[in-house]
Structures are given as C-alpha cells and as structure tokens.
Amino acid sequence: MANVYKDADPQETREWIESIEDALEEHGSERTRFLLEELIDYAQAKGARLPFNTNTPFINTIHPDKQPEFPGDRDLERRIKSLVRWNAMAMVVRANNETHGIGGHISTYASAANLYEIGYNHFFKGPNHPNGADLVFFQGHASPGMYARAFLEGRLSEEQLGNFRRELAPGGGLSSYPHPWLMPDFWQFATVSMGLAPIMALYQARFLHYLVDRKIIRDTGRKVWAFLGDGEMDEPESKGALTLAAREELDNLIFVINCNLQRLDGPVRGNGNIIQELEGAFRGAGWNVIKVVWGSKWDEFLENDRTGKLLQRLEEIVDGELLKYVVEGGAYLREHFFGKYPELLELVSHISDDDLIRIKLGGHDPVKVYAAYAEAMAHKGQPTVILARTIKGYGMGEAGEGRNITHQQKRLNEQELLHFRDRFNIKLSDAEAIRAPFYKPEEDSEEIRYLKARREELGGYIPVRIVQDMKMDIPDISIFQELLDGTGDRSVSTTMAFVRLITILCRDKTIGKNIVPVIPDEARTFGMDPLFRQLGIYSHKGQLYDPVDSDQFLYYKESKDGQILEEGINEAGAVSSFIAAGMSYHTHGINMIPFYIYYSMFGFQRVWDLIWAAGDMRVRGFLLGGTAGRTTLNGEGLQHQDGHSHMAAAVTPNIKAYDLAYAHEIAVVIHYGMKEMIQDQKDVIYYITLENENYVHPPQPANVDKDIIKGLYKIRATEKPLLRLLGSGPLMGEVLAAAELLKNDWDIEPGIWNVTSFSELRREAEEVERWNLIHPDKKPRKSHLEVSLSKHRVPTVAVSDYVKMLAEQIAPYVPGPYYALGTDGFGRSDTRENLRHFFEVDRYYIVLTAIRALALDGKLDMSVVHQVMDKYDIDPNKPSPITV
Ligand SMILES: Cc1ncc(C[n+]2csc(CCOP(=O)(O)OP(=O)(O)O)c2C)c(N)n1
Ligand SMILES: [Mg+2]
C-alpha cells in the first residue's frame, strides 16, 4: 500500500532508510526483518497504535537476486507453449464454426498458458514418479489447453479434439470441462463450479497429511496444486478455509491464482487491486504469498527507480486502469502511466512504444514463474499462494486481448487467425491458418521430443486418472449381528443404531482402519462423543493441552494418529474431507471409506454442489443425514427440519438414498454399500437419513435383505387386502398405529410394506419401463414394485416424513390408486405428535386417507369419511401446512 501519510521530515526518513539499507547489506533480510519487528513491538509497547498492514509493495515478492537459474530450454519451451496455444484456440474456434453456440473458452487458457507449461515441464509429478503423483486441480474453463497439450503428447487424437464439446459424436468427444464421470481415464478433479476447487484442493492436502500422520502412506513430498481464477476467489468457498490451511501447516498445498484482473463480465476489481487484496487476505490468513506481477524487464526499471516514484505510481494505479493499457497500447501506457511523473518517463525513454507494450508481465515470464514455483516447492510450514499477473486473451490482439468481451470470445475471423499465427510463429501458410487446423510437428521434432522427455522424467503424463484394482474383502454381515437381532424392548433411535454400527466397524480388524468418520461439530448431537476417546480426533499437532474433561473416561482426545475428522462448524469443509477420503482408492491407491455424518438440513441444501462434484469425481462413501425428518426432529423448527433432502439425493445420479426405519435395515444397507464400493469397486455414494426418535427395533425378518436394498419389503401380509399402506423411516410407527386403528375401529386389515428407498424403487422401475418400451416384441420385464404389489390392485397410501413428491415418484409403477402423505411446507417448533398432526401425516390422517381411498374405490360409502373425521377430531378448517 502506498504510504498515505505526509512526510513531515524527509531528511529523517532518509536516515532511517539508510540504516535499513545498511542492515540489508550487512546482515541480510532475516536480520532486517527482525530489527523492524523489534522496532514495531517497541513502539507498540510504548503505546503507539500502529495500523495493521498485510500488504507488501506492489512488486514481485522474489527479488531478482534470489531467482534460481532457469533450468529449461527457453526457446524450445516457448515453441511448445505456442503450439499448445494454437491448438487450444483452434479447438474452440473449430467447434464453434461447426456448431454455432457450442461454446468453449479461448482467453482463459491464453492467459494461463505459461503458468501451466512451467508446471508441466518442471514441476508436476506424474503417476510413475518414484515419489508418487501430485494432485493437480486444473481451472475448469482452461480445459482446451490441457486437451491441446495431451494432443501434442500423443494422448488425444485429432478426431477427439475435433469433437470438443461434442461428446455424443461418433467416436466420442471431449467434455467441456474436467469431468471424471465423463472422461474417467483423464480427469481426476471436477473444478468448473467456481469456488469448489480451492476448498477441495485444500482438504485434499489436509487429507494427505492425515494419511501420513496415521501412517497409512509415507510422506514423499507430493503436492496439491490448484489453478484458480482471480474472479473465482470471490466465491465464499474459495477463501472460507484459508486459515485452516495455515493452521494445519499445509506446505504440500500450492494455489496458483491467475490474476488476469478480469472475470466474465469485466474487471474483477476495476476500482481496486485484486492482487494486493488477495495478498492481504492470504497473508492475513497465514499463507506464504508470492506475487509474480512484473516480468524480468521491470527489474531494470525498479532498479533504476532512484526516487521511489515508480513504486509510488504502481501503488496508486487501479486495475481498471491497468487493463486500459493492455487494450490501448504502448503510446497510451507511456503517456498515462509513465507520463504522470517526469522521472518515470525518463526510465522508459530508450524504449519504443511497440516494445513498451510488449514488456512481459510476471505470469507470462517463464523465469519469474519458475522462481515462484521453485520457492513454493521448497517452502516449509505454510501453504503457498502464487499471485501471477497475466493478460486475459493474451495474444488474441483485437479479437479480445484484455477486453471486456474476452471471456466469451469463441471465434476468430481470418485476420485474427493470421495475427494469432504470426504472434506465436506457427508454421502454417495463410491459406492453412485461416482454416484453424490442429497442428502437431513430427514425432521426432525437437518440440515433441523435449516435451515427452520432460514428462518422462517427471513420471508421466497428467492429467490422468488411474484406477487400480483395489478389490478387498469386507467382513461378514454377522459383525453387525446385534443390529440384525433388534433391540428387544429397548427403545433407541436409528442414529444410535448407526453409532453402534460405526463403533463395531472401526474396531474391525480387516477394515477398521480404513474407515474415516467425518463430523462437523455435531458428534454430541448424534451421541458419537464416545468415539472421541476410542478413535481419537485427528490433529496434526497432537494434543498440546490437558483437556477439561481429561479426568473422565470419554475425554476429548486429540491425537496425531486420530481417526475422526472433526471439522468444526464447516459443512463445506467437511464434505470436502469426505470427497478427499472417498477418492483415495485412486488418488492414493487405498480404500478409505468416509462416513460423513451431519445435520441433514445442512447437507444437500447447503453443499449439494460439492456433493454433485463428488458424484462427478466418482467418490465412494456414505453420507449420513442425522436429525432428519421434518416431524421427527421436534422442537427445532423451520430452519432445521429436513423434509426434502431426499429429493436432491434422488436426482443425483450415482447416489443411492435410503430412509431407514430399523437397525437391521441400517446394517443391511451399509454392509451392501461397502460391498459395492470395496468388493465390487463401484463408484457409488450412499445417502442414509437417520432420525432421533426412540422406539423398539424388531429383529430382521427372514429373507428380506435383497428387498431392503431394492427399496421395499413386506412387513405384514393379509389374505385379501382391500388396501395397502407403505411406510417409510420413522413414520413406519404411525403406519403401524394406523393399521391398528383401521383394524380395531373400522374392521379393515391393510397389507403393510416398508419402503427403504423411494428413489431406488423409481430408478429400477424406470429402467424396466424403458427396456419394455424399446423391446415391444419381448416378454415385458417386471420391476420390484410390480413383482411385489401387482397381486392386489388395491388403493395404496404411502407415508414419509418428507415432501409428498418423495413418495409420489413411484406412483406410476404402483398398481391401483395411489395416495401420498408427506410434510410439504416450512417446519415448526413443536412436539412430534403436534407436528405430525400439523403436517397431516399422523395415524389419524393415514386412516382418513385410507378410508377415503376405499370410498373412492367403491368399497365404502363416503359417509364413513365423515365418521372418521368426527371420531378423530379432524378439523376441516385447519389451515393447510403448505400455505401457512
Ligand atoms: C459457481 C459458478 N458461477 C459462475 C460460473 C460461470 N463462469 C465460468 S468462468 C467465469 C468467470 C471466471 O473468471 P475468473 O475466475 O477470473 O477466471 P479467468 O477466466 O479470468 O481465468 C464465470 C462467471 C461458474 N462456472 N461457476
Ligand atoms: Mg480472471
């Protein structure tokens, strides 16, 4: 920050500066820093109130004297980079010429090319590296650059490049952005939803430490790199966990923020300075910050800046102005930037306008970027962020360089293509260049040999996603026997049953150590606090204090090899840990199984985007929505009572969602889930809702395990039912009570079924329906719903503690009339009983719906419905829960 105070005594200032100069010369920067800090401390101790400043001057952090020798062949690397640039641009231009509006981005990679190329040629460790691969998060919409490089490396064909954003084309294409679901051999991390990459990368680095500290893997110096946009840093997730990275001393984490000063619509901070702002935020959070603002030529300017005017000018300029120079050119830059002070004009008097505007910025200068990466690699005890100043649309000239439209520029006209070719010296004739062909030199060209040799030395190509066969046996379900046997006359909640299960699981000799319980400050809510002592809470620093409850058996135990990830009040971070753990099977070659248990209301609706990314990234693990159910969680009210997370789960393609009523169901579903993830190596996430209502859990009936997994099993059959009731999760109790009322008060005996998963039932029924649709000549297949229910075409009443839509999703596949009861509307603070009445899902409303269904079915007179309402005091004037 420029000094805002007037200098009252320049002579005195000069003397102080000279002393500092002496200190720097004689003792170096460490000692100088010590002296300055001593002075500040002293002044503060004497009562001076010195404003806090997290910024350093707006120049490169690494002084030219401290730059290492650049080890590469600069000329060759520039040629390779130009080829990648050309092909990345051509890919987008061609795609949009062929299919107008198919999209893609040229300018982002154009600004970031040097940042990636230095990584590819000198730093990123690949899968064959003896120390293991680095984990690299590529900026989503820079993907054309990664494809273009893979093309030069011989990993992608011309046809594939030609089908960028045309994944359904014959022969297959390339996904718009990094999507492991779509390109499972290529991409590892899904990054394009802005803000997810920073937090996910941070927790990947943290999880690496966790595995090392638990002695599950060795520390081999692997790094997590995240390439991010400066606009993207405005997402709360981007900055939300920065202090954690510093606290955990994640020196295996490197953020590279491409500071092109622009986002989609225009400048990130037209009236400010994003680099300085980010520096302040990161330094304040305890990171090592390396600014790479100016290219090598600027070293000379700064060296010759005897008056300090250049530094002053640099610090008074706002980003909007810096962007203007890029667009307006050298003469404008001279007049408006240097022209402000005569001393500055002098500095550049020997340079022509054309040369002036070509002077590189830091992010485009290989020497500067190499120096920053080298320092980041060596830095100990802190994460590093590199803030690299670049130009968006670099080399695109009038087609978009630095312009506000640049983000969206997808096509170049002939003139612009020729300009691009000339700018980067691509060996194409005019006639060729205007067709924007893909261009790759011969295999034995210097460029291709160099690029391959570099990758060979660094352990192979990236991005790459390699999944080894990690099949492992899981223990027999009998380890959960006590859950299968029911609770006798003991009343417990499904949450307590789950806690029992995870306790057993973590103790298991074969698989216990692979379990990763993740909790965001809610363990006591779920009764999981006994696990603190048994498993320990992971802490890189161990436990530096004597906990207040150390005299108790179940004290708050933190330890370096603790198994539990207690994430604090931080759902986005916790789910990022879940993701990091659930990807271990390919990022680390070990089957770690995360069980992330959280307050269900603060799950999907808070972090669905991250869960969606987890699905894309083929994460394997269990999500457990605790304190679930809109009426089962009593007292907490509108913001806490979850009655809809199952809808989100139902439409997330690789999530299998279950709302379970009984302990034995929990054992069956989790056992089966582990079998799928570990034995069958399937990329699935299980979502299970758990509730806190206590009741008795029956023993498992015979031969129901397969049906539990399919989503529906029979609780009670009757000979000739007039009616069937489907209950789900904790509302099974109301269904059973309603069945009693129907029998005792109305002499009707319904069949009773337990729905463990509406969404699994629907998925299977839809698949069967689809098969039947396209196989008209074959014997129709039958869904589980049809097989189970088609014997009796009677009315069905289905009840869950979620919105009606949840139960309604199977309506088309259930024979006979179908009525769903659910909990639509905002929650309330009240007792379970009152809530169930309010939402009209209690036993009386179930009976009412059942009797009316039979009346509509012609089995009863409509007057019986009135009798039901009278008998159970059902008020027709009660307001609807949906509208109040
Ligand atoms: C959550 C989210 N919001 C919006 C977008 C749409 N979007 C894609 S790129 C972009 C601008 C990115 O700017 P910046 O982060 O500075 O990256 P740059 O291209 O400048 O390197 C936007 C708004 C998105 N992908 N994700
Ligand atoms: Mg940007």
Side-chain angles (χ1 to χ4, degrees), residues 79-117 120 138-179 182-183 185-187 191-192 227 229 258 392-397 399-401 405-414 416-421 423-428 432-441 447-448 451 461-464:
R79 273 150 55 199
I80 293 167
K81 185 164 60 193
S82 296
L83 291 169
V84 185
R85 287 178 180 286
W86 174 267
N87 288 305
M89 176 276 295
M91 194 173 4
V92 179
V93 169
R94 290 177 72 101
N96 285 277
N97 283 345
E98 265 172 45
T99 318
H100 184 67
I102 201 83
H105 301 84
I106 304 173
S107 62
T108 297
Y109 179 72
S111 68
N114 188 55
L115 303 178
Y116 286 109
E117 280 301 302
Y120 279 122
F138 296 94
Q139 199 184 355
H141 51 290
S143 61
M146 313 313 134
Y147 292 140
R149 190 168 223 275
F151 168 63
L152 294 180
E153 291 165 347
R155 298 200 293 148
L156 292 177
S157 69
E158 224 175 294
E159 187 190 15
Q160 285 172 300
L161 255 61
N163 285 337
F164 172 55
R165 291 188 166 231
R166 293 282 312 284
E167 295 175 88
L168 307 178
L174 301 176
S175 65
S176 49
Y177 302 116
H179 294 303
L182 305 172
M183 294 177 63
D185 302 329
F186 195 85
W187 294 115
T191 52
V192 82
F227 285 80
N258 178 14
K392 196 152 175 170
Y394 187 70
M396 285 167 75
E401 190 163 281
I405 49 89
T406 192
H407 188 85
Q408 302 291 66
Q409 185 61 279
K410 299 168 197 319
R411 299 169 91 172
L412 302 188
N413 64 28
E414 292 186 358
E416 290 160 351
L417 283 167
L418 294 177
H419 169 88
F420 201 98
R421 176 207 57 185
R423 176 78 182 71
F424 295 113
N425 273 321
I426 307 296
K427 293 193 180 60
L428 292 170
E432 287 168 332
I434 58 172
R435 288 188 294 102
F438 299 125
Y439 176 70
K440 182 177 167 185
E447 289 91 338
I448 300 295
L451 139 169
Y461 299 121
I462 62 157
V464 69

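Scope of the values below: all heavy atoms of this structure, side chains included, with no hydrogens, waters or symmetry mates.
The closest side-chain heavy-atom distance from Arg149 to Glu117 is below 4.5 Å. A heavy-atom distance below 4.5 Å is not found between the side chains of Tyr109 and Gln139. Using a 4.5 Å heavy-atom threshold, the side chains of Glu432 and Arg421 count as separate. Counting heavy atoms from C-beta on, the side chains of Lys392 and Glu401 never come closer than 4.5 Å. Side-chain contact between Ile405 and Gln409: present, with at least one pair of heavy atoms (C-beta onward) separated by less than 4.5 Å. Within the 4.5 Å cutoff, the side chain of Ser175 has heavy atoms near those of the Met183 side chain.
Residues passing the side-chain contact (heavy atoms from CB on, under 4.5 Å) test with Ile102, sequence neighbours excluded: Ala95, Asn96, Thr99, Arg165, Arg166.
Side-chain polar atoms of Asn425 and Arg79 form no donor-acceptor pair below 3.5 angstrom.
Ring geometry, Phe227 versus Phe138: the interplanar angle falls under 30°, so the pair is classed parallel (tilted spans 30 to 60°). In this structure, Tyr177 and His179 have perpendicular ring planes: the angle between them is above 60°, well past the 30° mark.
Side-chain atoms of Arg155 come within 3.5 Å of backbone N or O of Ile462 as a donor-acceptor pair. Side chain of Lys410 to backbone of Gly104: a donor-acceptor contact under 3.5 angstrom is found.
You'll find the ring centres of Phe151 and Tyr147 outside the 6.0 Å limit.
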Criterion side chain to side chain contact (heavy atoms under 4.5 Å, CB included) on Thr108 and His407, from CA distance to verdict: CA-CA 7 Å; Thr108 297; His407 188 85; 3.9 Å; yes

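Distance check, rounded to the nearest 0.5 Å: NZ of Lys440 to CD of Glu158 gives 9.0 Å.
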